[in-house]
There are 2 protein chains.
Amino acid sequence: MGFGIAASLLRAGHEVCGADVDAVRVDELRARGGMQQAILDVASQLDAIVVVVLKAAQADAVLFGESGIVATLPKGAVVVCCVTIAPDNAREFARRCDGLGILYLDAPISGGTVKAAEGKLSVMASGSIEAFERASPILDATAETVFDLGGTAGAGSAMKAVNQMLAGTHIAAMAEALTFGMTQGIDPDLFLKVIPKCAGTSWMLENRAPHIADGDYAPRSAVDIWPKDLGIVLDIAKTANFSAPIATAALHQFAAAADMGLGREDDAAVAKVYARNSGLTLPGEN
Amino acid sequence: MGFGIAASLLRAGHEVCGADVDAVRVDELRARGGMQQAILDVASQLDAIVVVVLKAAQADAVLFGESGIVATLPKGAVVVCCVTIAPDNAREFARRCDGLGILYLDAPISGGTVKAAEGKLSVMASGSIEAFERASPILDATAETVFDLGGTAGAGSAMKAVNQMLAGTHIAAMAEALTFGMTQGIDPDLFLKVIPKCAGTSWMLENRAPHIADGDYAPRSAVDIWPKDLGIVLDIAKTANFSAPIATAALHQFAAAADMGLGREDDAAVAKVYARNSGLTLPGEN
């Protein structure tokens with residue numbers, strides 16, 4: 001999603017410098033008109049940095065680590081942190097940025113790689129008015145919807161956690177119901193014809209169940225996302241002494257899918273856990 | 001929902017004879033123009049019987065029990081069975097009806113009491129062409145959507161089970177996520193402003209979460225429905241050697257709500273289980 005955001009910023013006329021563990025992606029951005037320098041060499045001239053990594057420890061490293069960028073940014077620059085992290089992490093990152101005269105926008109995103117490439121992400125954002133103002137050219141170029149969740153970092157990450165909790169649970173619940181239906185003679189196409197018109201539907205069901213009906217597990221969003229994101233959700237829940245048995249059950253199903261070697265497949269492949277357990281043959285399997 | 005169906009049939013110009021364990025409801029239907037006789041006294045003249053009871057054992061009793069009606073119906077009459085039952089029950093009822101020359105439509109309904117009163121139910125129906133034909137005046141008067149799930153009883157009940165599995169799971173998942181959000185400072189109104197526009201939404205979330213935000217637990221659909229319906233789902237699953245950990249977790253939450261004495265409240269009251277467990281105060285509580 002980071003590449004899509006960078007490409008959307010280029011399209012909007014911004015000067016963009018890319019950084020990625022995968023050098024091929026950096027070259028690709030340069031070929032599209034991105035800056036040719038390494039990011040740390042231009043850090044002192046940047047207005048903003050957008051962080052799109054997998055987890056809090058990585059965000060911590062790129063922001064504050066040995067080669068962290070925040071120490072080199074000019075005063076008043078803004079960090080737009082799009083990573084799915086715990087609200088406590090967001091508050092800590094904001095505090096450390098503040099100590100260095102850097103603005104911080106807690107700005108987790110949703111929409112996947114396609115929406116990122118189109119500049120049509122949803123952003124659950126919170127931070128100071130100054131952080132919002134400084135980040136607004138970036139939000140304008142990359143987001144279709146920006147939810148303003150208030151003046152302090154953490155609120156954006158909290159709402160993202162709530163959304164991920166539901167989204168992950170609904171994918172696994174869809175897979176559970178679709179395969180349960182198969183045991184009762186309801187094939188996935190019939191499931192898809194009826195359930196989206198009934199009270200049992202969900203956004204994720206309508207988006208992901210067709211992947212199972214088509215036997216198409218090319219990853220739009222991968223299984224591996226969910227042990228991570230639901231893990232973050234349940235870590236936050238644990239800290240709050242909150243018991244979340246349904247999300248926990250969903251996490252176990254994604255973890256089982258990852259254990260089956262399906263981590264890089266589309267997250268609808270969680271259906272394969274149910275199929276294996278109950279001896280079903282999903283569409284597209286021999 | 002039975003009263004709503006009977007009232008819709010009256011409105012459509014049919015002669016309707018009501019039967020209910022609650023004599024007040026029968027009197028109410030008579031006052032609206034229903035037949036004055038007791039149902040068993042007119043059974044031999046009926047074209048159709050619509051069964052809307054809570055569970056399979058009750059359906060069995062009213063159809064085939066000591067005072068069961070099927071034995072008295074004229075040959076070629078149709079039983080429209082709207083009860084949420086296992087597909088095996090539906091197949092057995094159809095077989096027993098067939099043995100007596102009676103048609104059987106497996107026709108579980110959804111939509112709640114409001115849609116029932118308006119004649120706008122959704123029906124997941126399966127049965128012979130003759131059963132569909134004979135039942136069509138009833139379906140016309142009571143249903144907005146009829147899903148034709150094929151020629152044999154059981155398919156309707158199977159699809160209903162799939163829908164209930166998802167619907168119940170989504171209500172409990174909504175309650176889990178909404179209360180989890182509260183532990184992170186997200187109040188239910190903010191939850192409702194954001195999540196319905198995100199990938200985490202579901203039909204049930206949008207329908208039930210407002211009840212929690214409003215602190216309004218007047219029962220549109222009661223907590224007690226779900227230990228029953230998810231219990232039926234999990235019984236079917238068990239027979240099929242199908243493990244459904246997410247629906248199982250949802251069932252436990254509804255059972256906990258019933259144990260708290262909330263069985264007659266709106267099913268959104270499952271949020272009170274989470275609130276109690278984590279020391280939250282929901283809207284409308286002091």
Side-chain angles (χ1 to χ4, degrees), chain A residues 87 110-111 122 124 145 147 149 154-155 157-159 161-167 169-170 172-174 176-181 183-186 190-191 193-195 197-205 207 233 236-237 240-250 252-253 274 277-279, chain B residues 87 110-111 122 124 145 147 149 154-155 157-159 161-167 169-170 172-174 176-181 183-186 190-191 193-195 197-205 207 233 236-237 240-250 252-253 274 277-279:
Chain A
S110 79
S122 290
M124 300 180 174
T145 310
F147 296 104
L149 297 168
S157 289
M159 190 65 87
V162 169
N163 187 59
Q164 293 307 86
M165 182 184 213
L166 286 161
T169 298
H170 290 170
M174 172 277 292
E176 183 167 302
L178 184 144
T179 49
F180 167 69
T183 69
Q184 302 303 305
I186 296 172
L190 186 60
F191 174 96
K193 215 154 70 183
V194 175
I195 299 295
K197 295 181 187 143
C198 296
T201 196
S202 71
W203 192 96
M204 277 297 182
L205 184 148
N207 190 270
V233 167
I236 301 169
N241 284 316
F242 183 88
S243 165
I246 301 175
T248 301
H252 288 161
Q253 298 308 97
Y274 291 95
N277 290 352
S278 53
Chain B
S110 79
S122 289
M124 298 181 175
T145 310
F147 295 104
L149 298 168
S157 288
M159 190 65 88
V162 169
N163 187 60
Q164 292 306 88
M165 183 184 213
L166 286 160
T169 298
H170 290 169
M174 173 278 291
E176 183 167 301
L178 184 144
T179 50
F180 167 69
T183 70
Q184 302 303 306
I186 296 172
L190 186 59
F191 174 95
K193 215 154 70 182
V194 175
I195 298 296
K197 294 181 187 143
C198 296
T201 197
S202 72
W203 193 96
M204 277 298 182
L205 183 148
N207 190 270
V233 167
I236 302 169
N241 284 317
F242 183 88
S243 164
I246 302 175
T248 301
H252 288 161
Q253 299 307 98
Y274 291 95
N277 290 352
S278 53

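These values consider heavy atoms only, across backbone and side chains, with no hydrogens, waters or symmetry-generated copies. Residue numbers begin at 1 in each chain, while the letters A, B, ... track the order of the sequences.
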Give, as side chain, backbone, both or neither, the part of B/Leu205 having an atom under 4.5 angstrom from any heavy atom of chain A.
side chain

Return the CE to CD1 distance between A/Met165 and B/Ile195, rounded to the nearest 0.5 Å.
11.0 Å

Would A/Val194 and B/Leu149 count as a side chain to side chain contact (heavy atoms under 4.5 Å, CB included) here? Give the steps.
CA-CA 9 Å; A/Val194 175; B/Leu149 298 168; 3.9 Å; yes

Atom group of B/Thr179 that falls short of 4.5 Å from chain A, counting heavy atoms:
both

Look up atom CG in A/Leu166 and atom CZ in B/Phe180, then write down how far apart they are to the nearest 0.5 Å.
10.0 Å

Straight-line distance of A/Met174 CE to B/His170 NE2, nearest 0.5 Å
9.5 Å

The interface call for B/Pro245 against chain A, heavy-atom contacts under 4.5 Å, is both

Max heavy-atom pair count under 4.5 Å with chain A, selected residue of B/Ile246, B/Val162, B/Thr183
B/Ile246

Answer key: most heavy-atom pairs under 4.5 Å with chain A among B/Cys198, B/Ala172, B/Gly181 is B/Cys198

If you measure from CG on A/Asn163 to NZ on B/Lys197, what distance do you get to the nearest 0.5 Å?
13.0 Å

From OG (A/Ser278) to CG (B/Asn241), nearest 0.5 Å:
9.0 Å

Return yes if some donor-acceptor pair links the side-chain N/O of A/Gln184 with the main-chain N/O of B/Met159 below 3.5 Å, else return no.
no

Between A/Ser122, A/Ser243, A/Ala237, A/Gly111, which shows the greatest number of heavy-atom pairs under 4.5 Å with chain B?
A/Ala237

A/Ile186 versus chain B, heavy atoms under 4.5 Å apart: side chain, backbone, both or neither?
side chain

Ranked by heavy-atom pairs below 4.5 Å to chain A, first place among B/Ala161, B/Gly279, B/Ala249 goes to B/Ala249

Using heavy-atom distances under 4.5 Å, tell me whether B/Gln253 contacts chain A through its side chain, its backbone, both, or neither.
side chain

Counting only non-hydrogen atoms closer than 4.5 Å, does B/Thr201 touch chain A with its backbone (N, CA, C, O), its side chain (CB onward), both, or neither?
both

When rounded to the nearest 0.5 Å, the distance separating CG of B/Leu190 from CZ of A/Phe147 is 9.5 Å

Interface check, chain B: of A/Ala250, A/Ser202, A/Ala155, most non-hydrogen pairs under 4.5 Å belong to A/Ser202

Go through A/Ser110, A/Gly185, A/Ala167 and name the one with the most non-hydrogen pairs under 4.5 angstrom from chain B.
A/Ala167

